[in-house]
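The next block holds one structure in the form of structure tokens; read it before the comments.
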Amino acid sequence: PSSRVIYFQPDVGRSPSPLVNDGKGANPLQDVRVRKAMSMAIDRDAIAKRIMDGGAQPAYQFLPTGMFGTLPNPPVIKFDPAAAKKLLAEAGYPNGFEITLSATNDRYINDGQIAQAVAGYLAQIGIRTKVDAMTRAIYFPRRAKKEFSFAMGGWGSAEASSFLRYWAASPDDKKTRGTSNYGGLADPALDELIGKALSTMDDDKRAELLQQSLSRLLETHAFIPLHFESTIWAHRADIAYAGRADQSTLAMSAKPVKK
């Protein structure tokens, strides 16, 4: 199992948004009920078992449970299309809307197939989804220009502060925060929690602040975590190699098998 989480980042900061059409000129992704409905519409277990061939674990936060600053029991997002359709209706979209899902097709494991599967799940609750999967050389510059409305992402790190600092915090060049906040999330209370966590040296207090930050971020559904990739190494039978959570392959870690 690796620490790399695959997730989706909806545009929550602009209205209208370039690749969303609700027929009203607004951005439905700005409604937390819509974002929660989209998350509930995705069958993470099926994707992990079928598309990933068992090589992934469903994700409900942005680092595997047990790593520093993570929630010990993150809220599980149950696959419930009926409840998702009800939420959409409550948000004013009983007939759904149109959206483009932007993704890579050569960066993450099975990224193109995952995008197609997620589009199919969203279609089942009335969100008519077009997939635009492209090579990473095109995708990442376009994402940096904020040309997308619903974009795939992947991130691996060693503690919870990394995702929070770069993806969830409001952009602040002086503090090097929010450099990957392409979805336009702006939450002053979350920014304050992240700032306190980043400046706290006591491990216990820091972990608590990171957990509080994660809890608040998950409540917004401003990101939709999908799964954690697993990584596979192949080697000769007379060599021993222990896989790493950061997906790195280090020559000095390969050892001869003891006979």
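For this chain, numbers begin at 1 and follow the sequence in order. Just so it is clear, the values below take in all heavy atoms, side chains as well, and ignore hydrogens, waters and symmetry mates.
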Run the numbers on L218 and F62 for side-chain contact (heavy atoms from CB on, under 4.5 Å), then give the verdict.
CA-CA 10 Å; L218 291 171; F62 306 101; 3.8 Å; yes
Residues that E147 engages under side-chain contact (heavy atoms from CB on, under 4.5 Å), provided they are two or more places apart:
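With sequence neighbours excluded, E147 shows a side-chain contact (heavy atoms from CB on, under 4.5 Å) to R142, K145, given in chain and number order.
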D45: partners by side-chain contact (heavy atoms from CB on, under 4.5 Å), with sequence neighbours left out:
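Once residues adjacent in sequence are excluded, the partners of D45 under the side-chain contact (heavy atoms from CB on, under 4.5 Å) criterion are D43, P58.
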Are [X] and [Y] side-chain neighbours, meaning at least one heavy-atom pair lies under 4.5 Å?
X	Y	answer
L19	I99	no
L29	V20	yes
T100	F148	no
M152	I114	yes
L217	D187	no
L101	D132	no
T104	M134	no
S3	P64	yes

Donor on one side chain, acceptor on other, [X] and [Y], under 3.5 Å:
X	Y	answer
D191	S170	yes
Q57	E229	no
Q211	S215	no
T135	D106	yes
S180	R165	no
S17	D11	yes

Contact summary for [X] and [Y], nearest pair of heavy atoms:
X	Y	result
S213	I194	OG-N, 3.7 Å
V34	A91	CG2-CB, 3.8 Å
F97	N21	CB-O, 3.5 Å
P171	N181	CD-ND2, 3.7 Å
I239	A254	CG2-CB, 4.1 Å
R143	G153	NH1-CA, 3.9 Å

Under the side chain to side chain donor-acceptor pair (under 3.5 Å) definition, can you give me all pairs with a residue in residues 82-99, not counting sequence neighbours?
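Passing the test, one end in residues 82-99: D22-Y93.
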Once you round to the nearest 0.5 Å, how far does [atom1] of [X] lie from [atom2] of [Y]?
X	Y	atom1	atom2	answer
Q113	Q116	CD	CD	9.0 Å
I77	I42	CD1	CD1	8.5 Å
R44	I47	CZ	CD1	8.0 Å
E159	M67	CD	CE	9.0 Å
R35	Q9	CZ	CD	11.5 Å
R107	D111	CZ	CG	9.0 Å

Give a yes or no on whether [X] atom [atom1] has more than 12 heavy-atom contacts from other residues, nucleotides or ligands under 6.0 Å away.
X	atom1	answer
D238	CG	yes
R136	CZ	yes
L250	CG	yes
K24	NZ	yes

Cluster check [X], [Y]: I/L/V/M/F/W/Y, side chain < 4.5 angstrom:
X	Y	answer
M38	Y60	no
L87	I127	no
Y108	W167	no
Y182	F140	no
L214	L210	yes

Working note: W155 + Y7, criterion ring-ring contact (aromatic ring centres under 6.0 Å, His included); need CA distance, chi angles, decisive distance, verdict.
CA-CA 8 Å; W155 192 253; Y7 58 91; 8.4 Å; no
Run the numbers on M52 and H227 for side-chain contact (heavy atoms from CB on, under 4.5 Å), then give the verdict.
CA-CA 10 Å; M52 299 299 289; H227 60 241; 3.9 Å; yes
Check for a donor-acceptor pair, side chain of R50 on one end and backbone N or O of A48 on the other, with a separation under 3.5 Å.
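Absent.
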Without swapping roles, check the side chain of S2 against the backbone of R4 for a donor-acceptor pair under 3.5 Å.
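At least one qualifying donor-acceptor pair exists.
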Does a salt bridge link D80 with K78, judged by any charged N lying under 4.0 Å from a carboxylate O?
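No, this pair does not count.
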Check ring-ring contact (aromatic ring centres under 6.0 Å, His included) between [X] and all other residues, then give those that pass, not counting sequence neighbours.
X	value
Y241	W233
F228	none
Y121	F79

If you apply the rule ring-ring contact (aromatic ring centres under 6.0 Å, His included), what do you find for F8 with F223, and how did you get there?
CA-CA 6 Å; F8 294 95; F223 295 87; over 10 Å; no
Candidate pair R177 and D172, rule salt bridge (Lys or Arg N to Asp or Glu O under 4.0 Å), full reasoning:
CA-CA 5 Å; R177 297 179 194 169; D172 188 326; 5.9 Å; no
